[in-house]
Amino acid sequence: MSSRVAITRLIPEPGPTMLAHQTVELVANSEDRSLDRAELRGLVGGCDAVLCLLTDSIDADILDAAADCKIFANMAVGYNNIDVAAATKRGIMVTNTPGVLTECTADLAMALILGVARRVAEGDVEMRAGRFPGWGPLYMLGGDVTGKTLGLVGPGRIAAAVAKRAKGFDMPLLYHGRRPSPDMEALGAKAVDLDTLLRESDFVSLHVPLSKETHHLIDAAALAKMKPTSYLINTARGPVVDEKALVAVLKAGAIAGAGIDVYEDEPAMAPGLADCTNALLLPHLGSATLGTRSAMSRIAAENIVAVLEGRRPPNLLNPEVWQGNS
Ligand code: DGY
C-alpha cells in the first residue's frame, strides 16, 4: 500500500523531492503561510507521516486528527511546538533537525552581540535619514565587545559554537547549565550558577530549549541582577524571557541593551519593545540561511524516509515509541 505524506508549508528542497521519490501520495501546503487549525487537521488526516514546522502547534487535537500517522518530523531543532508526551501516548514518533543549524545560529548570536553593542542598526537608520552630522567625539558611543565577559545560559551545541567565536574576541566565558559541559570547559568557560552569570556578564546569551523550567527564566528578578552596562541576547525561544519585564528594563536603562531574535508571541512583540532604541530586533532569523534551511529540509525528510522504510529515524525524540514498535 502506498504511503501518504504531508508537508505543512512550502519548504526549500531537497525534502519535498526526496519525499516525492518515496511516496505515491505527497500532500503539501504549497503556500508560504501557516495553515489554520482546521486546515492542519484536514491535511494530516489519513497521513502516514507529517513534515511540520515550528509555526505549527501540534497538540493532542492535531495528533488525534492524524490517527494513522507514524511520525511528525519537525523541521527545527526546537520542538516546543509539539506535545511530545501526547504523541508518545498515541505511538507517534517525533523527530527534529539538530546540528545543522548550530553554526548559523551562533553566527547570528554573534551578529546580535556586535550589532547591539556597536549600534549597527541605529547607525544605518541615521545614515539613511540623512542625520549624520559628521564625526564627533561623543557621537553614537556604544559598548565594547572585545575583552568583555560573555555568559552563556545553556551549555549545548549552539552555546559552544558562540563560545568558540567569542574566544576570537578575547571574551572571558562563563556558562550555566544543569551539568558540567566538557565542550565548554575545553573552551576555557567557567561553570557558574545563574545569579553569578547574570551579575558578572557583560553579555548574557540564552541557549536553552523552551520548557516549563525555562519559561520566563529571565524574568524581572533575573534582569535586575544584570549590570546596567550589560546586554541580553536571545536566539533561543521568546518565552524564555518575560518580554514585558524586558521592555521595562530597556526603557529604564537598567541594562544597556538587548539583541533579540525570538519573541514570546511571534510574530507579535510586547507593547513598547519596538520603541526601545537600545534593542536590536530581528525576525527569528537564527537558521535563516539557504544552506541551513536546505539541510533542515533534508534531515526532516530523512527521518520520514527512515520510518517509511521501517528503520529507526536518526533524530528520534521519543525512543520509547520505537522500542514499543520494534
Ligand atoms: C529551530 O530550529 O528551533 C530554530 O529556531 C529555527 O529557526
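Just follow the structure's listing: the first ligand is 1, and inside any ligand the first atom is 1.
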Sorted by chain and number, sequence neighbours left out, side chain to side chain contact (heavy atoms under 4.5 Å, CB included) with Thr102 holds for Arg157, Ile158, Ala161
For a quick test of reading the model, state the closest non-hydrogen atom pair linking Thr97 to Val77 and the distance between them.
OG1-N, 3.6 Å
Nearest heavy-atom neighbours spanning Cys104 and Ser287:
SG-CA, 3.5 Å
Can you tell whether the side chains of Asp56 and Arg9 come within less than 4.0 Å, N to carboxylate O?
no
Asn74: which of Asn81, Asn303, Asn96 passes side chain to side chain donor-acceptor pair (under 3.5 Å)
Asn81
Interatomic distance, OG@Ser34 vs CG@Leu53, rounded to 0.5 Å, equals 7.5 Å
Please output the residues near ligand 1 using a strict heavy-atom distance under 4.0 Å, listed in chain and residue-number order.
Leu54, Ala76, Val77, Gly78, Leu101, Arg237, His284, Ser287, Arg293, Met296
